[in-house]
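Along the sequence shown, residues carry numbers from 1.
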Amino acid sequence: MQRIIDFFKDEEKRTLLFLILSAIALLISFFDIGHFKIDAAWIAIIFCGLPIVKGALEGLIREFDIKADVLVSLALIAAVLIGENFAAGEVAFIMALGALLEDRTVAKARAGIEKLIQLTPPTARILRNGKESIIPAEKVQVADILRVLPGETIAADGVIISGRTSINQSVMTGESLPVDKGMGDEVSSGTVNQFGTFDMKATKVGENSSLQRMIRLVESADASKAKIVGMADRWATWIVVIALLSAVGTWIATGEVIRAVTILVVFCPCALVLATPTAIMAGIGNATKFGILVREGDALERLSKITRIAFDKTGTLTHGKPAVVGVESFHSDISPERLLALTASAELRSEHPLGKAVISHFRNKSNISLAEPQKFTMLAGRGVKAAVADEIILAGNAELLIENAVAIPDDMLGKASTYRNEGCTIIYVAVNDAGVGFIALSDTLRGDSAEMVQNLHDLNIESILLTGDNPQAASHIAKHVGIGKVHPECLPEDKMSIIEQYQNKNEMVCMVGDGINDAPALKKAYVGLAMGGIGSDIAVDAADITLVSDDIKSIPHLLRLSQKTMATIKLNIVLSLLLNFAAILFAMTGTLGPVLGALVHNVGSVAVIINSAFLLNFKSDTKYSRLNTHKPICSNLDLS
């Protein structure tokens, strides 16, 4: 009994059951099977028609909303009054079927989006009165003290109050490098603790947490915000008025009420109303398969009109994967090769990306096997300490050496400063309590940047580089990826001003950026596209679209998808209008009766939904090379 109750509580299952029963009833009615005293079409009228009439009445009474449901309800009632029960049942059935297909299309799109944000851990480890316990994550409150072990996902936004660690923030920021965190540093929900245990004080929970921000982005993906949807809605209202006038006029002119009823049946602007939202939501659903979160349907419409794409450099054309670009020794008895080997051995048991980059670089340069460290200690937020070949190795940041009373020679600091000024990260190395050198690592240029830019050029979209780098470094990057227009030494207001200048010339710009400094440009651009998932709160709030997967090679697909979506909408509208007016002419002349009119009209509605649903599986013909061509860049680069 409970299963039956649960079944009828599920709206989709209940609707599907009613549709099946209605379809069977309509077949019985059409072929007069069983010779029942009551027309079986009444089953379809009741199960499928009554909800439509109810919705129309509620819309009229509460909002005076004269839309498709009003005309459909009038057609249903009129058909019943003249005894055309099958026509009434057919209209109700096809309308209900169309609504179900639309809901399925929307649900599939929403499901694709929601997969991107199902990241909240189910439980949290909480400390209360000195005792540790596990509670559901949704019960965490502000000011609660949480303990996070290595490998666990953080359940709330907060501040570390004890312990050191490295946090993998790629889910939220797209940054591939774990970020060292210590007491007083902020951490975000959904990110993963990698190395050290720490305690934190929750500051943002529930709806205020970072992950819930993503959920609100999903909820804002509303097709009704597209400008062209408003146009279709306005047309639908006028069509209702014209339909009523046409039906009354035809009745007066011919004296045949059946023609008037047929006009009401075929004039229902269902296909027109369905044309846009189904295409927009299907387009949004397609985008999610590529890790793209479209906040508003209007963004797809605007994106289809852009002529230029402006790129920030850091986090967009580069992706944070480190590569060794320099090994500097400051000890006469230790060559750069020996320094690299010792450091790589010390990092053998490290899981930090910088350590892995050093090991990878050594193995690419040498066939010599690395010596296994006899002892190894991971110092969260500092580096590593290891015993290699009877020598004690420290490899990490400057604080690690200072805390271990290791002096860093001035000439080494000076040389390291040069690398840092060029945007490199430094691993200082000490051997037996003496600073002996360092290894410089740099961010890497995305291997698919150049191909992505070329694909944009193939779409007649010109690329622009807006960067804070000096002219020489900016030109160097632009040359590597094939960007012709370069604007170096840009402050945030400069980026915004440059975009405004282009758009004042009717050259619509899409801005791609990831940081707070990009927010003004993202807001000013015709379309703003934020990198790295949630990234900077300000940047994402300013953007219309977010690349959650941080995958720039999906941008050409997004552009083609926007163009395909708008083409689908226009085709849907044109076909729906042509079908409606052609059917009206046949209805006025008496060629088309209520039954056939209902079939022709509602088949058009279903066809529009199916045509839109094809967008879910749309694939652009852009082809990408699978070559891994990550290029280290360390030439006066601003990685801030």
Side-chain angles (χ1 to χ4, degrees), residues 166 176-178 180 318-373 376-379 382-402 404 406-445 473 476 628-637 639:
S166 292
S176 61
L177 287 173
D180 293 335
T318 64
H319 53 41
K321 186 174 182 179
V324 174
V325 294
V327 180
E328 301 285 349
S329 175
F330 292 83
H331 194 288
S332 57
D333 294 334
I334 300 178
S335 66
E337 292 77 13
R338 172 69 174 159
L339 177 65
L340 177 62
L342 288 172
T343 308
S345 291
E347 296 278 9
L348 262 180
R349 297 179 187 173
S350 171
E351 295 181 5
H352 199 288
L354 291 177
K356 290 181 178 180
V358 171
I359 295 169
S360 176
H361 182 75
F362 175 84
R363 287 174 173 167
N364 289 335
K365 294 291 184 181
S366 175
N367 294 323
I368 301 173
S369 298
L370 288 170
E372 288 285 341
F376 174 83
T377 304
M378 181 77 186
L379 304 170
R382 288 292 184 262
V384 300
K385 181 177 182 180
V388 178
D390 298 326
E391 294 181 298
I392 304 300
I393 309 297
L394 290 173
N397 54 28
E399 287 79 6
L400 174 66
L401 271 64
I402 293 170
N404 284 271
V406 176
I408 304 176
D410 290 340
D411 55 346
M412 190 165 85
L413 285 173
K415 186 68 173 179
S417 177
T418 301
Y419 277 98
R420 284 199 307 272
N421 290 338
E422 294 176 348
C424 294
T425 299
I426 304 299
I427 296 179
Y428 292 94
V429 182
V431 178
N432 297 328
D433 298 327
V436 297
F438 65 81
I439 295 176
L441 300 98
S442 167
D443 193 1
T444 54
L445 190 66
H476 176 72
N628 184 5
T629 56
H630 296 167
K631 299 175 181 179
I633 50 172
C634 189
S635 176
N636 295 314
L637 303 185
L639 296 182

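With sequence neighbours excluded, no residue satisfies salt bridge (charged side-chain N to carboxylate O under 4.0 Å, His left out) with Glu399. By the salt bridge (charged side-chain N to carboxylate O under 4.0 Å, His left out) test, Arg363 is found to be paired with no residue, residues two or more places apart in sequence or in another chain being considered. Here Ala407 pairs with nothing under the side-chain contact (heavy atoms from CB on, under 4.5 Å) rule; sequence neighbours left out. Among residues two or more places apart in sequence or in another chain, the side chain to side chain donor-acceptor pair (under 3.5 Å) test is passed with Ser329 by none. Partners of Ser166 by side-chain contact (heavy atoms from CB on, under 4.5 Å), not counting sequence neighbours, listed by chain and number: Pro178, Asp180, Phe195, His352. For Ser360, the side-chain contact (heavy atoms from CB on, under 4.5 Å) partners are Asn364, not counting sequence neighbours. Partners of Arg338 by side-chain contact (heavy atoms from CB on, under 4.5 Å), not counting sequence neighbours, listed by chain and number: Ile334, Ser335, Leu342, Glu391.
Closest heavy-atom contact between Ala440 and Ile426: CB-CD1, 3.9 Å. Taking both residues in full, the closest heavy atoms of Pro336 and Val327 are given as O-CG1, 3.4 Å, listed atom of the first, atom of the second, then distance. Met412 approaches Ile408 most closely through the heavy-atom pair CE-CG2, 3.3 Å. The two residues Ile392 and Ala387 make their nearest non-hydrogen contact at CD1-CB, 3.9 Å. Taking every heavy atom of both residues into account, Ala344 and Leu370 meet most closely at CB-CD2, 3.6 Å.
In this structure, the side chain of Arg382 does not engage the main chain of Asn397 through any donor-acceptor pair within 3.5 Å.
Side-chain atoms of Leu354 and Ile427, non-hydrogen and from C-beta on, do get closer than 4.5 Å to each other.
Here Lys415 contributes atom NZ and Phe330 contributes atom CZ; the two are 7.0 Å apart, rounded to the nearest 0.5 Å. Put simply, OG1 on Thr425 and OH on Tyr419 are 13.0 Å apart, with the number rounded to the nearest 0.5 Å. From Met378, atom CE reaches atom OG of Ser350 across 4.5 Å, with rounding to the nearest 0.5 Å.
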Assess whether side-chain contact (heavy atoms from CB on, under 4.5 Å) is satisfied between Asn404 and Asp433, documenting all intermediate values.
-> CA-CA 8 Å; Asn404 284 271; Asp433 298 327; 5.7 Å; no
